[in-house]
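The shown structure was predicted, so the numbers you read here are calculated from the model rather than taken from an experiment.
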Amino acid sequence: MTAHGKPDSSPYNLDGSSLKLKNGQLDGMVLKTLANKEVVKLPLIASLLDNGKARITIDEERRQKGDIELRHNSIARKERYNEAAAWALTGAGLQPQKDAKLSNSNGRSEITWGPKSEYRLVLSHSPFVVEFYTGEDKQVVLNSRGFMNVEHWRPKIDKPSGDENETEPRDVQPQEDESTWWEETFNGNTDSKPRGPESVAMDISFPGYGHVYGLAEHTGSLSLKETRGGDGNHDQPYRLYNSDVFEYELDSPMTLYGSVPFMQAHRKDSTVGVFWLNGAETWVDITKDKHSTLGFGSGVVDTNTHWMSESGQLDLFVMLDATPKSLSKTFGELTGYTALPPTFGIAYHQCRWNYVSDEDVKDVDRKFDKSNIPYDVIWLDLEYTDDKKYFTWDDMTFPDPIGMEQQLEASERKLVIIIDPHIKNKAGYQVVEELKSKDLGIKNKDGNIFDGWCWPGSSHWIDAFNPAARTWWKSLFPYDKFKGTLKNVWIWNDMNEPSVFNGPEITMPKDNIHHGNWEHRDVHNINGMTFHNATYHALIERKKGEILRPFILTRSFYAGSQRSAAMWTGDNQASWGHLAASIPMILNQGVAGFPFAGADIGGFFGNPSKDLQTRWYQAGAFYPFMRAHAHIDTRRREPYLLGEPYTGIMAQAMRLRYALLPAWYTAFHEASTDGYPIVRSQYYVHPEDEKGFAIDDQLYVGSTGLLAKPVVTEGAESVEVYLADDENYFDYFDYTVYNGAGKSHHVAAPLEKIPLLMQGGHIIPRKDRPRKSSGLMKWDPYTLVLVLDKQGEAEGTLYVDDGETFEYQQGAYIHRRFKLTDGKLSSEDIGTKGAKTAAYLKTMRDVRVEKIIVVNAPSSWESKAEVPVSGGAAAELIYHAAEGKKAAWAVVRNPGVGVGTDWVVDFGAAAERNVRTEL
């Protein structure tokens, strides 16, 4: 497929007489005129949806009807793949706006929709162009540069040189090399391409938008770079093709393990998004045009993008919205929100390839306790299996997995084990025998079960697109079937791109066949999601009557993966560059709607220096998913092995993570209900501040006002933290004050220090009692940290549930808003009652707030001795005056209030120190 970019001579025109609008859906026909005057019909559907969304789908009539011939006697489907929506979309946010109105004039058609008809879609008929407006503001344009292309079906005809089957007029498309149109050989693998060329493409322009984000997963800056070369730019398009890429390059547009073809464009006071719903190999080109306004300078930037997919429909969503925050929710309405994880999932995970025996696991567990370092989960890579056969244990090295799991359970700890989609092809292995006898594997192009190589050697792959295969997968996980597992065992799905060692690009041939006779080329990027989704549902049904929230880690992902898994950034390296790259990569996962993300702490390949490992733990404390992992050939690097001061510094970072788990869990709750990122970039939190649009090395934790800037440079003992707003920020540890909008501030960061600030105006919940694991913190009291803004006010929320079941869906949770205004701190219920609310509140009635810390406490409090609390009681107030650049702060100890009840602490009515009230 070649892009030509001549819109005036585009062969694509819209038949205006074909347009019909009914109940928010426009049907029509795009006509593609070939050089021989033949006309190809391309059915168009434009759906006008709620909250400023619109969907454009263009198909090919002849393929729809099956009026084509496949080459090589292929059994593949004749249609363009049309089932991506069934996997990526949830059904929410797809309600057509029945009040949409259509008007036509002078070769243009216009549709208005929205509560105030504020959204407009304008279709130019010849050539075919689609423009999206909010009011009079042009936001997104399709095919303005004439790059639209739908490779129509045609038979392969061998012609003399110079008489090729052209698809465009010669003045639009020059003679093309057809050598790869009909088949292609790569590293000894020949792709038969039975449907011939079938790619789709569209140029999408964002007028007035200088920054675009998204296209997870890649290394590089959060604000996506141009792809046509030049200083600091990429010289090739961003590629989305899930692949097993070890020791991946930094600052590269090349493909990694997962794909979310979503792009968010942002400018001051406006944000829009585009979701390209296609599971095939996809490339995205990005260029930017700078132009002047009113003849003065180059103040406006237009971002132009060009999207190309090898197969499938041309199916895309345009989202017109106002802020990054609201756009996150809108995208979440389409693809689903992050699954609320069990509490242990957001605590610290200890992993390596491989813990060599059950005694090794128990020894590591004991040494964490001996070193007073908290952790929640220990992991096993594939060496735990018998001869790399999943659902088995090596009897020599793991003779007593139950005993191992019971030791972990005594401290409320969990075990995660790896199970990949490749099943060892070995006679007598029950799992593979069932896979073959039930015909549940992915097939090769001839319709026989596909055989490839991965860790076990010769292997077959479960076809999780097949409902029968997913049902069978569930049957493998019950405790009486998967011997040696208890309820504290969870699953890691790796290698699910899929990774095939002897396949083209270390993956599966594109002409393999999935359920429904769809080719693998159509579903490649979706494949990994189907597997971890199958595992999610299998874990829910392990035991009748025991429904626990699953924890699953996936390497491969697509839009919608957030509904059932966490992800990590794959096989990184123990280098400062990879540590630095992890921050924008994880921030970009939030843009992509899949924010439960992390990177291997310490780096998977290689041996980090002690300084690097220590700094990585400090950074990892601010990953939504916090796991250390290492290659089998690396040195053991459990944090207790490094010695002082390193062990103590890493332990301090881990204890900080545990203390802040209430804040993290509340952020996860926001992600699960509204689609918001768990860690948030500068432009997301301050969408009006243009100086911050390209900043991607610092992050905010949820809505807490916590701003972290991990040290990612060797030998650095300070960082520059950019503050956008004219609000006070306070050092988390010593309350040093930083103020000044739109500039960077020097923050000292010796090795033992994490640069962490608190934005004024927030209330941060935490738990201050160190424990071995998060499960042992369940009934501990809370501390509330009030960080007062310049008006002396603060606000925050806390979400709490049992951390392991789905009973929160029936009201078994606490959701409170804490607010300090006019000198009164109040706790207000913002939850919705359900059938299990009362019972849950009863279990939590003894869980209290044990301490209130007020940062930036007013000097008028210095003479206060006590503060009245609801019900006539009083609590002691201890005031600490400001010192130098450090803010004043106050502490209220044991206010005697429950975390799940309404109450008020009246600082304004605090008793004078010389008029103490008896408790």
Between [X] and [Y], does any side-chain N to carboxylate O distance fall below 4.0 Å?
X	Y	answer
Glu281	Arg239	yes
Asp137	Arg267	yes
Arg120	Glu131	no

N/O donor-acceptor pair under 3.5 Å between [X] side chain and [Y] backbone:
X	Y	value
Gln698	Asp696	no
Tyr558	Asn278	yes
Asn525	Leu240	yes
Thr704	Gly702	no
Ser10	Tyr12	yes
Tyr81	Arg521	no
Lys225	Gly232	yes
Arg80	Gly312	yes
Thr303	Tyr209	yes
Thr338	Ser672	no

Taking distance alone, no hydrogens or angles, what donor-acceptor pairs closer than 3.5 Å link side-chain atoms of residues 581-594 to residues at least two apart or in another chain?
{"residue": "Ser582", "atom": "OG", "partner": "Leu579", "partner atom": "O", "Å": "2.6"}
{"residue": "Ser582", "atom": "OG", "partner": "Tyr623", "partner atom": "OH", "Å": "2.6"}
{"residue": "Asn588", "atom": "OD1", "partner": "Gly214", "partner atom": "N", "Å": "3.1"}
{"residue": "Asn588", "atom": "ND2", "partner": "Gly214", "partner atom": "O", "Å": "2.9"}
{"residue": "Gln589", "atom": "NE2", "partner": "Phe594", "partner atom": "O", "Å": "3.3"}

Considering all heavy atoms, the nearest [X]-[Y] contact:
X	Y	answer
Leu94	Phe317	CD2-CE2, 3.7 Å
Ser243	Thr255	OG-CG2, 3.5 Å
Arg108	Ser124	NH1-OG, 3.7 Å
Asn242	Gly258	OD1-C, 3.1 Å
Gly528	Ser556	CA-OG, 3.7 Å

Apply ring-ring contact (aromatic ring centres under 6.0 Å, His included) to the pair Phe668 and Phe596, showing each step before the final yes or no.
CA-CA 8 Å; Phe668 270 87; Phe596 195 0; 4.8 Å; yes

Between the side chains of [X] and [Y], does any donor sit under 3.5 Å from an acceptor?
X	Y	answer
Gln264	Tyr683	yes
Ser703	Arg680	yes
Thr569	Glu217	no
Asp203	Asn304	no
Gln313	Asp59	yes

Under the side-chain contact (heavy atoms from CB on, under 4.5 Å) rule, what do Val318 and Ile56 come out as? Steps first, then yes or no, please.
CA-CA 8 Å; Val318 174; Ile56 304 292; 5.6 Å; no

With sequence neighbours excluded, tell me which residues meet ring-ring contact (aromatic ring centres under 6.0 Å, His included) with [X].
X	answer
Trp87	Phe465
Phe693	His211, His266
Phe622	none

Can you list everything that forms a side-chain hydrogen bond (donor to acceptor under 3.5 Å, both in side chains) with [X]? Sequence neighbours excluded, please.
X	answer
Asp697	Lys709
Thr227	Asp285
Asn104	Ser109
Thr282	Ser309

Say you draw a straight line from CZ of Arg563 to OH of Tyr337; how long is it, rounded to the nearest 0.5 Å?
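Taking CZ in Arg563 and OH in Tyr337, the distance rounds to 12.5 Å.
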
Enter the distance from Gln759:CD to Leu707:CG here, rounded to the nearest 0.5 Å.
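Going from the CD atom of Gln759 to the CG atom of Leu707 covers 8.0 Å.
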
Can you tell if the side chain of Trp283 reaches within under 4.5 Å of the side chain of His306, non-hydrogen atoms only?
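Not touching, per the 4.5 Å side-chain cut-off.
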
Any side-chain heavy-atom pair from Tyr241 and Glu310 closer than 4.5 angstrom?
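A side-chain contact is absent here, since even the closest heavy-atom pair is not under 4.5 Å.
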
Please identify each residue that fulfils side chain to side chain contact (heavy atoms under 4.5 Å, CB included) with Lys691, with sequence neighbours left out.
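Partners of Lys691 by the side chain to side chain contact (heavy atoms under 4.5 Å, CB included) criterion, ordered by chain and then number, come out as Asp689, Tyr722.
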
For Ser117, which residues count as a side chain to side chain contact (heavy atoms under 4.5 Å, CB included) partner, sequence neighbours excluded?
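In terms of side chain to side chain contact (heavy atoms under 4.5 Å, CB included), with neighbours along the sequence ignored, Ser117 is linked to Thr112.
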
Show me, pair by pair, the donor-acceptor contacts under 3.5 angstrom made by side chains of residues 14-22, not counting sequence neighbours?
{"residue": "Asp15", "atom": "OD1", "partner": "Ser17", "partner atom": "N", "Å": "3.1"}
{"residue": "Asp15", "atom": "OD1", "partner": "Ser17", "partner atom": "OG", "Å": "2.6"}
{"residue": "Asp15", "atom": "OD2", "partner": "Ser17", "partner atom": "OG", "Å": "3.4"}
{"residue": "Ser18", "atom": "OG", "partner": "Asp15", "partner atom": "O", "Å": "2.6"}
{"residue": "Ser18", "atom": "OG", "partner": "Met29", "partner atom": "N", "Å": "2.9"}

What residue among Phe262, Trp307, Tyr238 forms ring-ring contact (aromatic ring centres under 6.0 Å, His included) with Trp276?
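So the option named by the test is Trp307.
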
N/O donor-acceptor pairs under 3.5 Å from side chains in residues 40-52, not counting sequence neighbours:
{"residue": "Asp50", "atom": "OD1", "partner": "Lys53", "partner atom": "NZ", "Å": "2.7"}
{"residue": "Asn51", "atom": "ND2", "partner": "Glu333", "partner atom": "OE1", "Å": "3.1"}
{"residue": "Asn51", "atom": "ND2", "partner": "Glu333", "partner atom": "OE2", "Å": "3.0"}

